[in-house]
There are 2 protein chains.
Amino acid sequence: MLQLDYRDRRPLHEQIKEKIKTLIITGVLQPDERIPSVRELAQLLTVNPNTIQRAYKDLEAEGFIYSIRAKGSFVAPRERSAPHPRREELLQQLERNVAELMYLEEPLEQVLEIVYAVYKKGGLNG
Amino acid sequence: MLQLDYRDRRPLHEQIKEKIKTLIITGVLQPDERIPSVRELAQLLTVNPNTIQRAYKDLEAEGFIYSIRAKGSFVAPRERSAPHPRREELLQQLERNVAELMYLEEPLEQVLEIVYAVYKKGGLNG
DNA sequence: CTAATGTATTATATTTAATAATACAGTTAA
DNA sequence: TTAACTGTATTATTAAATATAATACATTAG
């Protein structure tokens, strides 16, 4: 799962961030569960620790993990009180994405199908 | 509408590409309608012509415009026969986006609201 | 012919991405 | 206390992406 794709020309720290986020939103990683240390993951992916650090820093800024010095980094529990930092951006992206699909004449039914499928099985994948 | 945002740290050619795509999917620009020449738009945005060229090249690769040497660049009519180059990617992005929203406990109703709104008014904005 | 078009090339400077090598501060366990 | 592991920060260096600049060429329209 944690394997880099070098044909993907997005920055490594971004790829890594997305992969970990996927593990979180699919429930593979549970709230307060520890994720690999910066140095561990760097070695596992044969990548510089600074690159992992950058990914973790961004994940923390987006509210998906939290880090404690000398202890490790952990999956952030979902905050029901405050609105999530990513919420507004995600809703805008959704609107944009749907609008583009509609322009390409993708049937509404197909779009709804995807939305329902995700919510039905409680997340990603199938 | 065609105004660059220098707080946005995405590359200029990408910002420009997205802005033109927005004009297309909102119907402001109609099929086969001519868009500004590379040099015109470069001057309008006070940006290098090569940067516009890059944006147009990407837009053409994604099937949103076509260019004819010595004539200009134009909005591509939607092809009903072949599947659009962007379709598969857009559907995957949609699934991912919805999954992340669900993880953040965004109600299904809110997501459906956005989808319906876009399809109802026939595109973006409101 | 002239002017405008898309397209291509080469060069240069700036910014970003990634690596490398350390260092510091705090925790945990021996 | 010590050793090993954490997150975090800094500085330096290299490589890649971005953007500008200056041309040039082929084609079309007037």
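Numbered from 1 within each chain, the chains take letters A, B, ... in sequence-line order.
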Just how far, in rounded Å, is C1' of C:dT19 from CG of A:L4? 15 Å
Rounded distance (Å) that lies between atom P of C:dA20 and atom CZ of A:R39: 15 Å
Between B:R34 and B:K71, the two heavy atoms sitting closest are NE-O, 3.4 Å
When the distance from CZ of B:R34 to C1' of C:dG6 is rounded to whole Å, what number comes out? 10 Å
B:Y103 and A:F64 aromatic ring geometry - parallel, tilted or perpendicular at 30°/60° bounds: parallel
When the distance from CG of A:L41 to P of C:dA18 is rounded to whole Å, what number comes out? 14 Å
Any chance you could lay out the salt bridge (charged side-chain N to carboxylate O under 4.0 Å, His left out) test for A:E89 and A:R86, step after step, and finish with the verdict? CA-CA 5 Å; A:E89 188 185 348; A:R86 287 270 297 159; 3.2 Å; yes
Looking at A:S37, does any N or O in its side chain come under 4.0 Å of the phosphate oxygens OP1/OP2 on D:dC5? no
Between B:V38 and B:P49, the two heavy atoms sitting closest are CG1-O, 3.4 Å
Residues from residues 46-58 of chain B sitting under 4.0 Å of DNA chain C, heavy atoms only? B:N50, B:Q53
Just wondering, more than 12 heavy atoms not from B:K19 lying within 6.0 Å of its NZ? yes
I need the minimum non-hydrogen distance between A:D5 and A:R7, along with the two atoms involved. OD1-N, 2.9 Å
Using whole Å, report how far CD of B:E14 lies from P of C:dT16. 14 Å
Between D:dA19 atom P and B:K17 atom NZ, what is the distance in whole Å? 12 Å
Residue mapping more 5' on DNA chain D - nearest nucleotide basis, A:E40 or A:R9: A:E40
Starting from P on D:dA21, measure out to CG on B:L12 and report it in whole angstrom. 12 Å
Write down the atom of B:A55, the atom of B:K17, and the distance for their closest heavy-atom approach. CB-N, 4.1 Å
Think A:S73 has a side-chain N or O under 4.0 angstrom from the OP1 or OP2 of D:dG7? yes
Can you name the atoms? Protein N/O to nucleotides 26-30 of chain C N/O, anything below 3.5 Å, with the distance.
none

Separation of D:dT8 P from A:H13 NE2 (nearest whole Å): 17 Å
Show me the donor-acceptor pairs, under 3.5 Å and distance only, between side chains in residues 108-120 of chain A and residues at least two apart or in other chains.
unit_1, atom_1, unit_2, atom_2, d
A:Y119, OH, B:E106, O, 2.5

Under-4.0 Å side-chain N/O to phosphate OP1/OP2 contact, B:S67 with C:dG6: no
Can you classify the ring geometry of A:F74 versus A:Y66 as parallel (below 30°), tilted (30 to 60°) or perpendicular (above 60°)? parallel
Side chain of A:P11 only, please: which of C:dG6, D:dT8, C:dA18 is the nearest? C:dA18
